[in-house]
2 protein chains.
Amino acid sequence: MADTRTKLLDAALETLRTQGIAGVSARTIATAAGVNQALVFYHFGSVDELLAAACLYGSEQRVALYRERFAAVTSLRELLDLGRALHAEERAEGNVAALAQLLAGSQADAKLAPATAAGLTLWTAELEGVLNRVLSAGPLGEFVDVPGLAKATSAAFVGLELYEGVDPEGAARAFDALEQLGALVGVLEDMGPLATRAVRSHLRKAL
Amino acid sequence: MADTRTKLLDAALETLRTQGIAGVSARTIATAAGVNQALVFYHFGSVDELLAAACLYGSEQRVALYRERFAAVTSLRELLDLGRALHAEERAEGNVAALAQLLAGSQADAKLAPATAAGLTLWTAELEGVLNRVLSAGPLGEFVDVPGLAKATSAAFVGLELYEGVDPEGAARAFDALEQLGALVGVLEDMGPLATRAVRSHLRKAL
DNA sequence: GTCTATAGTCGGATAGAC
DNA sequence: GTCTATCCGACTATAGAC
């Protein structure tokens with residue numbers, strides 16, 4: 001049986017996911033946790049501070065859960081497959097929806113922004129590692145800014161997660177299109193040495 | 001001088017942008033509009049219905065503002081430039097931030113979702129037109145699902161907008177990386193007919 | 001159409017008993 | 001550490017005067 005602190009952290013994430021940032025309050029969270037509302041303030045001082053702590057707690061938990069699978073990726077193709085799986089799993093019970101709500105809340109609440117940024121950084125750091133392995137060695141390595149691409153990917157993931165909430169079929173199709181585009185880049189990575197050299201020199205001239 | 005209805009619509013968008021979805025209420029919106037709080041209910045019935053109306057109103061307005069510039073785009077390069085400009089302009093006083101907040105709110109509030117989806121569709125429809133012109137004719141035309149890509153682009157835009165709120169430098173870098181990637185695809189579009197045919201047949205085999 | 005006034009609910013936060 | 005009780009401000013929504 002989890003202690004009250006942990007119950008509140010879990011309940012904060014669940015409430016963010018199910019009620020959104022506009023629906024979180026000390027009362028809604030405490031109800032979800034099955035504890036008294038005053039304990040939010042006893043343990044965390046304020047609702048904002050609970051949300052910030054929950055953001056880090058949840059992100060660390062979920063990123064750790066995926067770490068081995070990230071580490072096992074050796075090609076762009078495998079990365080795209082993992083992205084697809086991750087999206088499905090996170091949507092059901094995951095951390096990305098909570099992160100999206102915190103991100104929306106952070107636009108107006110400066111006290112939330114640092115924690116949200118830190119939570120996102122945990123994901124981007126993991127992604128950066130994989131992208132480095134998968135892209136930097138290949139022919140496209142010199143043309144992509146891996147840290148930037150990792151951030152862009154995380155941001156896009158959040159956007160797609162939110163989009164899925166209002167148009168699930170559209171989001172699925174959007175995801176498919178991105179996967180197509182990724183596969184297209186993957187093909188450039190997998191070409192023979194001759195064609196690789198041709199594309200690479202062409203890119204150097206053009207960019 | 002705008003009438004009260006319009007003042008409320010504009011104030012709703014402004015409040016969404018500055019206070020976020022968690023900060024909107026009949027009172028905050030009415031204060032921003034400089035009118036009485038009860039008028040929200042007289043003119044729109046409820047706060048949700050005002051937000052839904054404002055979503056459509058704002059999206060139509062902004063999309064119309066960009067229509068000519070979208071129509072003038074003839075290459076992927078130009079599209080990327082327009083995207084960059086659009087991002088900067090929308091961030092300052094635009095519709096994307098409000099759309100992002102509504103999207104976050106729609107996850108928990110089913111009454112908001114249809115209007116948000118409709119607002120997003122106005123953007124994706126415009127994008128689809130441009131992408132069709134720019135991509136469908138080129139060598140990559142058969143490998144990309146343009147409607148899907150349009151939706152993915154809109155979603156990514158929303159994600160980046162939210163990301164910018166917590167990490168402006170990171171967002172700028174993410175944007176740069178995507179632009180790089182876009183330019184890379186643009187190069188594939190601009191290759192000579194011989195190289196084009198080689199890449200195209202290679203893609204056909206691989207995908 | 002616009003205002004005041006108000007009912008009733010829910011919110012953050014604290015004091016003090018146990 | 002946890003609870004009850006409470007203050008007080010903000011919220012949605014409506015009734016009714018102008």
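Naming convention: chains lettered A, B, ... in sequence-line order (proteins, then strands); numbering from 1 in each chain. Hydrogens, waters and symmetry mates play no part in the numbers below; they use all other heavy atoms, side chains included.
Between A/E179 and A/R77 there is a salt bridge, with a side-chain nitrogen of the basic residue lying less than 4.0 Å from a carboxylate oxygen of the acidic one.
Looking at B/T74 and B/E78, their side chains do bring a donor and an acceptor atom within 3.5 Å of each other. Side chains of A/T15 and A/T28: a donor-acceptor N/O pair is absent below 3.5 angstrom, by distance only.
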All N/O contacts under 3.5 Å from nucleotides 4-6 of chain D to the protein, with atom names and distances to one decimal?
from  : atom 1 : to    : atom 2 : distance (Å)
D/dT4 : OP2    : A/N36 : ND2    : 3.1

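For B/A108, there are no side-chain contact (heavy atoms from CB on, under 4.5 Å) partners, not counting sequence neighbours. For B/A85, the side-chain contact (heavy atoms from CB on, under 4.5 Å) partners are B/R69, B/E89, not counting sequence neighbours. For B/D145, the salt bridge (Lys or Arg N to Asp or Glu O under 4.0 Å) partners two or more places apart in sequence, or in a different chain, are A/R173. Taking the salt bridge (Lys or Arg N to Asp or Glu O under 4.0 Å) definition, one finds that B/E90 meets it with B/R62, sequence neighbours left out. Take B/R67 and apply the salt bridge (Lys or Arg N to Asp or Glu O under 4.0 Å) test, not counting sequence neighbours, and it matches B/E126. Under the rule for a side-chain contact (heavy atoms from CB on, under 4.5 Å), the partners of B/S46 that lie at least two apart in sequence or sit in another chain are B/D48, B/E49. Under the side-chain contact (heavy atoms from CB on, under 4.5 Å) criterion, B/A174 pairs with A/K151, A/A152, B/L160, sequence neighbours left out.
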Query raised in the report: What would the secondary structure line of DNA chain D be in dot-bracket form, counting Watson-Crick and G-U wobble pairs under 3.5 Å, with [ ] for pairs that cross earlier ones and | for pairs with another strand?
Result: ||||||||||||||||||

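DNA chain C is contacted by B/T4 of residues 3-25 of chain B, taking any non-hydrogen atom closer than 4.0 Å. Less than 4.0 Å separates DNA chain D from at least one heavy atom of each of the following residues of residues 39-56 of chain B: B/F41, B/S46, B/V47.
Here the closest heavy-atom approach between residue A/F157 and residue A/G83 is recorded as CZ-O, 3.4 Å. For the pair A/S154 and A/L127, the tightest heavy-atom approach, listed with the atom from each and the gap, is OG-CD1, 3.9 Å.
Chain A approaches DNA chain C over the interval C/dG11 to C/dT14, counting the first and last nucleotide 5' to 3' with an atom under 4.0 Å from its heavy atoms.
Between the side chain of B/Q101 and the backbone N or O of A/A104 there is at least one donor-acceptor pair closer than 3.5 Å.
The aromatic rings of B/W123 and B/Y66 sit tilted, their planes meeting at an angle between 30° and 60°.
Considering only heavy atoms from C-beta on, B/L51 comes within 4.5 Å of B/I21 through its side chain.
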